[in-house]
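So that the names make sense, note that chain A is the first sequence line, chain B the second, and so on, each numbered from 1.
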2 protein chains.
Amino acid sequence: MLSRRYGERVARQDPFIPRSTDPRVQRSRAAVIATALELLTERGIAATTIEAVSERSGVARTTIYRQWPGQAELVLDAFAAVLRPPADPDTGTLRDDLVELTTGLARALSTGPAAGLMLALMDAAEREPSYAALHRREAELRHAVILDVITRGIRRGELPAGTDPAEVLDLIAGPIFHRRTVSQGTVDPAFAARVVDRVLLAYRHP
Amino acid sequence: MLSRRYGERVARQDPFIPRSTDPRVQRSRAAVIATALELLTERGIAATTIEAVSERSGVARTTIYRQWPGQAELVLDAFAAVLRPPADPDTGTLRDDLVELTTGLARALSTGPAAGLMLALMDAAEREPSYAALHRREAELRHAVILDVITRGIRRGELPAGTDPAEVLDLIAGPIFHRRTVSQGTVDPAFAARVVDRVLLAYRHP
DNA sequence: GCGTAACGCTACGCGAGTGTAGCGAAAACT
DNA sequence: AGTTTTCGCTACACTCGCGTAGCGTTACGC
């Protein structure tokens, strides 16, 4: 299972390919993905077997095999179904944009469906190339929004010219992740705002 | 395997219990733990089976079962064997203490034996109580050193009175973790120093 | 309405890993 | 030197999940 090699199907399943408008297909597909996400959250990647998904979802095992080559492809599809980049808030000020995005990240990591999934994906990405690719793609999409916001802030003069947007990103998103996954503290909007304000303060005085 | 319940043996294996001075026991124990760590790094927790450890280490499967009840206990012992808290650098200044600790963290996450293990432990901690306990204990030991350093800095007046040490910790350690695991950038001493200086700057002006 | 496609179900062989038992050989303690 | 402990090995029964094949039934599309 873990030594499976990932074929071309994984490579080209970018968002994902419906390929069939038959409501029966879409129904079973949706049920399978939803159940897979449940199992991923509750028990992790390794325990999210086709067997287990079939049993809980009520969709026959053979039906699942008709739509996915194997466990890895199904899990990747499930991940892809929840990892959505945030919208650009564009409030007008860098501070409010960042607070908005950071609050969203904090919420996603605490209560959202992706809460328990992020670490599973990150861990899998350490070893399995296809998970690494998905993780990279997801991070890039999410970061693109944040980097845009920061770059806009620099252009407006809310951050000094020459500021490295990627560094600001790490300084802001990092503490949220860290508090959630290592310090095990609460990551609420107040904490998110505190982080943003503190980091912006660090750039105010050269 | 993943649904195993963890008995009392896990609970009381705090550092770990030699319980035997027989060199044969210690030899096989060491070989097994070393191999388990290799497999954990290369393939993750789920693939680190007793079977696989036995095959690679050359230690018979039955011998492993004589010393550990099952896979979970062995993996926990292996984790516990590498997670060591850093020493207090105590250079005299907060800045240098933090740079030292942060550089050490960056190195540990990039090149050390714990590099590929941290995420595996964090992910497992999301679902399995015994892994969560180990992760918490490890984080507490590591954080205790950092919090000491920060508190000392506050007492010396290098940070404003009333500063929350835990917040400073998240602000400094967070970006290191984030850059390593999400942004996928390089976490070298230069980056570590940049983070420390930037965060300290944020507290210089109230 | 009629043909087709997807469904659920059963069945089968297979591999991997688990956990236990018994045995002779070798190494360690005393 | 003699006893005890640990070791490696073989064997066994068992579970879980994989992946495929065939078949009757149901629900869709035209």
Query - Between D:dC18 (P) and A:L74 (CG): distance, integer Å - result: 10 Å
Query raised in the report: Is there a donor and acceptor pair, one atom on the side chain of B:R66 and one on the base of C:dG19, closer than 3.5 Å?
Result: no
Requested in this report: Please identify each residue that fulfils ring-ring contact (aromatic ring centres under 6.0 Å, His included) with A:F177, with sequence neighbours left out.
Outcome: B:H178
Report task. In whole angstrom, give the distance that lies between atom CD of A:E51 and atom P of D:dT15. Result -> 14 Å
Query raised in the report: Backbone N or O of A:S54 within a donor-acceptor pair of the A:R61 side chain at under 3.5 Å?
Result: no
Please list, one pair per line, the donor and acceptor atoms closer than 3.5 Å that link side chains of residues 147-154 of chain B to other protein atoms, with sequence neighbours excluded.
residue, atom, partner, partner atom, Å
B:T151, OG1, B:L147, O, 2.7
B:R152, NH1, B:D88, OD2, 2.9
B:R152, NH2, B:D88, OD1, 3.1
B:R152, NH2, B:D90, OD1, 3.3
B:R152, NH2, B:D97, OD2, 2.8

Query raised in the report: Near DNA chain D, which residues from residues 30-41 of chain B have a heavy atom under 4.0 Å away?
Result: none
Report task. Let me know the distance between OH of B:Y65 and P of D:dG8, rounded to the nearest Å. Result -> 15 Å
Report task. In whole angstrom, give the distance that lies between atom CD1 of A:I50 and atom P of D:dC18. Result -> 6 Å
Report summary line: Hits for side-chain hydrogen bond (donor to acceptor under 3.5 Å, both in side chains) against B:R156, two or more places apart or cross-chain, chain-then-number order -> B:E158
Query - Under the side-chain hydrogen bond (donor to acceptor under 3.5 Å, both in side chains) test, residues paired with A:D22 that sit two or more places apart - result: A:R24
Query raised in the report: What pairs of residues pass the side-chain hydrogen bond (donor to acceptor under 3.5 Å, both in side chains) test when at least one of them lies in residues 108-117 of chain B, not counting sequence neighbours?
Result: none
Query raised in the report: Among A:L105, A:V196, A:T181, whose side-chain contact (heavy atoms from CB on, under 4.5 Å) with A:I176 holds?
Result: A:L105
Query raised in the report: If you fit an axis to the five pairs at each end of the helix from C:dG1-D:dC30 to C:dT30-D:dA1, how big is the angle between those two axes, to 10 degrees?
Result: 40°
Query - Backbone of B:T102 reached by a side-chain donor or acceptor of B:R107 within 3.5 Å - result: no
**Report entry** Sequence-distant partners of A:E51, side-chain hydrogen bond (donor to acceptor under 3.5 Å, both in side chains), two or more places apart
**Finding:** none
N/O contacts under 3.5 Å, protein versus nucleotides 28-30 of chain D?
residue, atom, partner, partner atom, Å
D:dC28, OP1, A:R27, NH2, 2.9

Query - CZ-CG distance between B:R95 and B:D197, expressed to the nearest 0.5 angstrom - result: 4.0 Å
Query raised in the report: Hey, does the side chain of B:Q71 come within less than 4.0 Å of C:dG19's phosphate (OP1/OP2), counting only N and O?
Result: no
Query raised in the report: What do you reckon, is CD of B:E100 surrounded by more than 12 foreign heavy atoms closer than 6.0 Å?
Result: no
Report summary line: Sorted by chain and residue number, the salt bridge (Lys or Arg N to Asp or Glu O under 4.0 Å) partners of B:E42 (sequence neighbours excluded) come out as B:R56
Extract all donor-acceptor atom pairs below 3.5 Å that involve side chains of residues 185-194 of chain A and protein atoms in other chains or at least two apart in sequence.
residue, atom, partner, partner atom, Å
A:D188, OD1, A:F191, N, 2.9
A:R194, NE, B:E167, OE1, 2.9

Report summary line: In whole angstroms, the gap separating C1' of C:dG19 from CD of B:E73 amounts to 13 Å
**Report entry** Other residues, nucleotides, ligands: >12 heavy atoms within 6.0 Å of A:Q184 CD
**Finding:** yes
Report task. Measure the distance from CD on B:Q26 to C1' on C:dA27 and round it to the nearest whole Å. Result -> 14 Å
Query raised in the report: What residues in residues 52-62 of chain B put a non-hydrogen atom under 4.0 Å from any atom of DNA chain C?
Result: B:R61, B:T62
Query raised in the report: Between atom CD1 in A:I45 and atom C1' in D:dG17, what is the gap in whole Å?
Result: 17 Å
